[in-house]
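This structure is in structure tokens; I'll ask about it shortly.
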Number of protein chains: 2
Amino acid sequence: MDKEITIYDIAKGVGFSPTTVSRALNDHPAVNKKTKQRIYDIAAQMGYRSNLFASNLRRQHTNTIGVIVPILNSNFQSSVMAGMEKVANEAGYNLIISQSLGTMEKEIANAKTMYNSRVDGLLVSLSHDSESIEHFEPFFKKGIPVIFYDRVAEHKQSTSIVIDNVQAAYKATTHLIEQGCRNIVHITGNLKINVYTDRLKGFKYALVDNDLPYKKASVIATDLTEEAGIKAAEQILKMDPRPDGIFVANDFCAVNCMKALKQAGIAIPDDIAVVGFNNDPITRVVEPNLTTIDYPGYEMGEVAARNLTNYLDALSDVNITNTVTLRSDLIVRESSLKKKLKK
Amino acid sequence: MDKEITIYDIAKGVGFSPTTVSRALNDHPAVNKKTKQRIYDIAAQMGYRSNLFASNLRRQHTNTIGVIVPILNSNFQSSVMAGMEKVANEAGYNLIISQSLGTMEKEIANAKTMYNSRVDGLLVSLSHDSESIEHFEPFFKKGIPVIFYDRVAEHKQSTSIVIDNVQAAYKATTHLIEQGCRNIVHITGNLKINVYTDRLKGFKYALVDNDLPYKKASVIATDLTEEAGIKAAEQILKMDPRPDGIFVANDFCAVNCMKALKQAGIAIPDDIAVVGFNNDPITRVVEPNLTTIDYPGYEMGEVAARNLTNYLDALSDVNITNTVTLRSDLIVRESSLKKKLKK
DNA sequence: TTGGTAATTGCAACCGATTTCATAAATTTG
DNA sequence: CAAATTTATGAAATCGGTTGCAATTACCAA
């Protein structure tokens, strides 16, 4: 097995001190250009690779960004991560990733690991049942930047990257109303999470602004899983009068709900129009194609990572921006286009 | 900002030397139990956290596993990663992740970064156009374990985690034949990649074993994207005689091909039966539901990571296993069940 | 020639934990 | 009770870069 080459070996090779070698390798301006070149050449020739621990130990930073996600294998989250990885990689940062699997317990453990791994910054989407963000206090105390995205929490020391969930839900609901729906049901997730409370707000506001009554019974809170969609469908079928529109806070759940309704003989969109949320690929596969909100995951990942790397590289000196809101649009497809409006 | 607590601070606090503190914290047997307990208590009380760089620098390992994937945002890959993360996390390893975006160039750069980050081991799924694995030589030379999964390459020093693609494709094709198909088309990906050549082999063997002719014209090599599926459908529509079965090496492509065929008035499965590959969630959404091969991504991630951590923790002393083959099954759904066989 | 400044380079002290070797104290054995 | 072990602890070297400060040389103007 090859022995590892150090700057001391290089120093011996070129007849300069380790100090100069170190400086040359870091492109320090106080080193003669010719010296630098010679050192580069010899280093390359000897197959030198820098020892990041030694460097990190001395410099007190790691060039590593921690990411904590609820779950990796969802279309949205993996898109986010793809965007993050691209930006982080380009900026010279490594990404270390862990999933909370939706529990606060694991999120706390992960935060601790990240803290011990001394990440330079943290990108977090909160778990389903995270009721506090106390476990990030150590980061705040030590001035390690934490950026929340999608599922965020308010904190004066952290930035949040979100879409305007209220507005998006408002658009979605308004669209249903424009299609003639007068009795709309909203299927949502855990109402402790900002995204779902905001979407509920948008739903409510749209009703009110269109002089439609808002009834608590029209909101079905679920865990947004496959089964939840089916159960919600059953619940809807029992309602009297039967709803004529559904706004679901998640595509996957929406699709399963739709399937169950179709099996029960409901015509979509004519009997019931459906709108989802996220623009998951399945929305273009299900029949009829699902109207949904385009939630730009990849872009969100890029923005979150860029925000962090800029801050770390002191490109953005102060952390002025507290919230970044990305645009999100309604994508209209057949699942919500009632016939009477079609030509 | 809090100052960082070191073992020296603790040493001062308890009146023992840093040596003893270090040993106590690592649960070394040569430290008195009472001493240990006192050190634990004080460490906790002072809010001590170990400095991983110092430790890594001295110990020459990082407790970090590098993962290089072609692309993060695919259902299969993110499932794999979810499985990996779970196992690695439990075994006390961090995962650093990078994507090659399908190009060998970026894969080489990523490998270099991982090498410099001194990962303890590497988990790799090769990029589309990786024609050699020379860029992993430094790892092999230094004895750093590299495990390939899904898209693998032969190397005497590395383990591969795969499914039996030949057998899976054989099953899929045989199933189509059993359904009465006599003129089957195979849509595949880049034939330089093991998974696709193997699937092609399975396709071929199944034909031969059933006394059906294998024609080169029946194999459509594509990039398996959404558009590729549509283009392939157009190509199929022009064929004379028209095929009665399609075996696609990827669900996403299969679904789009199916949609295009349906639009052209083809009845599925009666005119043409379709089988996909991967068991992506969309297979249960498309109509008719797509018959496919269950490719256990999550499990593959678990197995790959476990294999690596066991090796690193010297639980499996020698690297005996060179290839691990996971089981994969055919899941039959409506897209391939021709009427005449239905009751 | 002299004083002064800029350009290069090196010494040595870190960063914080681990580990070899030696030592002191406690315990067992003959 | 002396000798041989065992148990518990510490001093100091080490891992491989980085960096404050000092030293040397080169260069320029007066």
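Naming convention: chains lettered A, B, ... in sequence-line order (proteins, then strands); numbering from 1 in each chain. In what follows, every heavy atom counts, from backbone to side chain, and hydrogens, waters and symmetry copies are set aside.
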Item checked: side chain to side chain contact (heavy atoms under 4.5 Å, CB included) partners for A/Ser78, two or more places apart -> B/Asn73, B/Ser78
Margin query: Contact list please: residues 45-63 of chain B against DNA chain D, heavy atoms, distance less than 4.0 Å, in numerical order.
Written below: B/Leu57, B/Arg58, B/Gln60
Next item on the list: Would you give the length of the straight line joining atom CD1 of A/Ile147 to atom OG of A/Ser125, rounded to the nearest 0.5 angstrom?
Entry: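 Going from the CD1 atom of A/Ile147 to the OG atom of A/Ser125 covers 13.0 Å.
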Next item on the list: Would you please name every residue forming a side chain to side chain donor-acceptor pair (under 3.5 Å) with B/Asn190, sequence neighbours left out?
Entry: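 Applying side chain to side chain donor-acceptor pair (under 3.5 Å) to B/Asn190 gives none.
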Checklist line | Sequence neighbours excluded, every pair satisfying ring pair (Phe, Tyr, Trp, His ring centres under 6.0 Å) that has a member inside residues 105-153 of chain B | finding: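 Applying ring pair (Phe, Tyr, Trp, His ring centres under 6.0 Å) to every pair that reaches into residues 105-153 of chain B, excluding sequence neighbours, yields B/Tyr115-B/Phe139, B/Phe136-B/Phe148, B/Phe140-B/His155.
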Next item on the list: For residues 57-89 of chain B, pull every pair meeting ring pair (Phe, Tyr, Trp, His ring centres under 6.0 Å), keeping only residues two or more places apart or in separate chains.
Entry: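 For residues 57-89 of chain B, and leaving out neighbouring residues, the ring pair (Phe, Tyr, Trp, His ring centres under 6.0 Å) pairs sorted by first residue read B/Phe76-B/Tyr295.
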Next item on the list: Could you tell me whether the side chains of A/Asn322 and A/Thr159 share a donor-acceptor contact shorter than 3.5 Å?
Entry: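 Checked: A/Asn322/A/Thr159 side chains show no N/O donor-acceptor pair below 3.5 Å.
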Next item on the list: Evaluate whether atom CD of B/Glu105 has more than 12 neighbouring non-hydrogen atoms of other residues, nucleotides or ligands under 6.0 angstrom away.
Entry: no
Margin query: Please enumerate all residues that pass side chain to side chain contact (heavy atoms under 4.5 Å, CB included) together with B/Thr19, with sequence neighbours excluded.
Written below: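 Only B/Ser17, B/Arg23 meet the side chain to side chain contact (heavy atoms under 4.5 Å, CB included) criterion with B/Thr19.
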Check: Got a donor-acceptor contact below 3.5 angstrom from the A/Thr113 side chain to the A/Ala109 backbone?
Finding: yes
Note to self: If only side-chain N and O atoms count, and only distance matters, is there a donor-acceptor pair under 3.5 Å linking B/Asn51 with B/Thr6?
What the structure shows: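 Short answer, no.
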Notebook entry, point to check: Hey, can you pull the residues of residues 8-22 of chain B with a non-hydrogen atom under 4.0 angstrom from DNA chain C?
Noted result: B/Tyr8, B/Thr19, B/Ser22
Note to self: I'd like to know if the side chain of A/Asn89 reaches the main chain of A/Glu85, judged simply by a donor and an acceptor atom lying under 3.5 Å from each other, with no hydrogens or angles considered.
What the structure shows: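 No; zero donor-acceptor contacts below 3.5 Å.
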Notebook entry, point to check: Taking only residues at least two apart or on different chains, which pairs with a member in residues 44-64 of chain A satisfy salt bridge (Lys or Arg N to Asp or Glu O under 4.0 Å)?
Noted result: A/Glu4-A/Arg49
Note to self: With the threshold set at under 4.0 Å for non-hydrogen atoms, list the residues of residues 110-118 of chain A touching DNA chain D in residue-number order.
What the structure shows: none
Checklist line | Residue pair B/Tyr311 / B/Asp120, side-chain donor-acceptor N/O under 3.5 Å | finding: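 Side-chain D/A pair, B/Tyr311 to B/Asp120: absent.
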Check: Using rotation axes that map the C1' atoms of four end pairs onto the next four (five pairs an end), what angle separates the end axes of the helix from C/dT1-D/dA30 to C/dG30-D/dC1, to 10°?
Finding: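 Overall, the helix from C/dT1-D/dA30 to C/dG30-D/dC1 bends by 40° from one end axis to the other.
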Notebook entry, point to check: Going 5' to 3' on DNA chain D, which nucleotide is the first and which the last to come under 4.0 Å of a heavy atom in chain A?
Noted result: D/dG16 to D/dG20
Check: Under 3.5 Å, is there a donor-acceptor pair between the side chain of A/Asn194 and the main chain of A/Asp150?
Finding: yes
Checklist line | Outermost nucleotides of DNA chain C that come under 4.0 Å of a non-hydrogen atom of chain B | finding: C/dG16 to C/dT20
Notebook entry, point to check: Is the backbone N or O of A/Arg118 less than 3.5 Å from a side-chain atom of A/Thr62, with the two atoms forming a donor-acceptor pair by type?
Noted result: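 Pair found, side chain donor or acceptor close to backbone of A/Arg118.
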Notebook entry, point to check: Does B/Asp41 use its side chain to pair, donor to acceptor, with the backbone of B/Arg38 at less than 3.5 Å?
Noted result: no
Next item on the list: May I ask you to decide if B/Ser100's main-chain N or O and B/Glu107's side chain share a donor-acceptor pair within less than 3.5 Å?
Entry: no
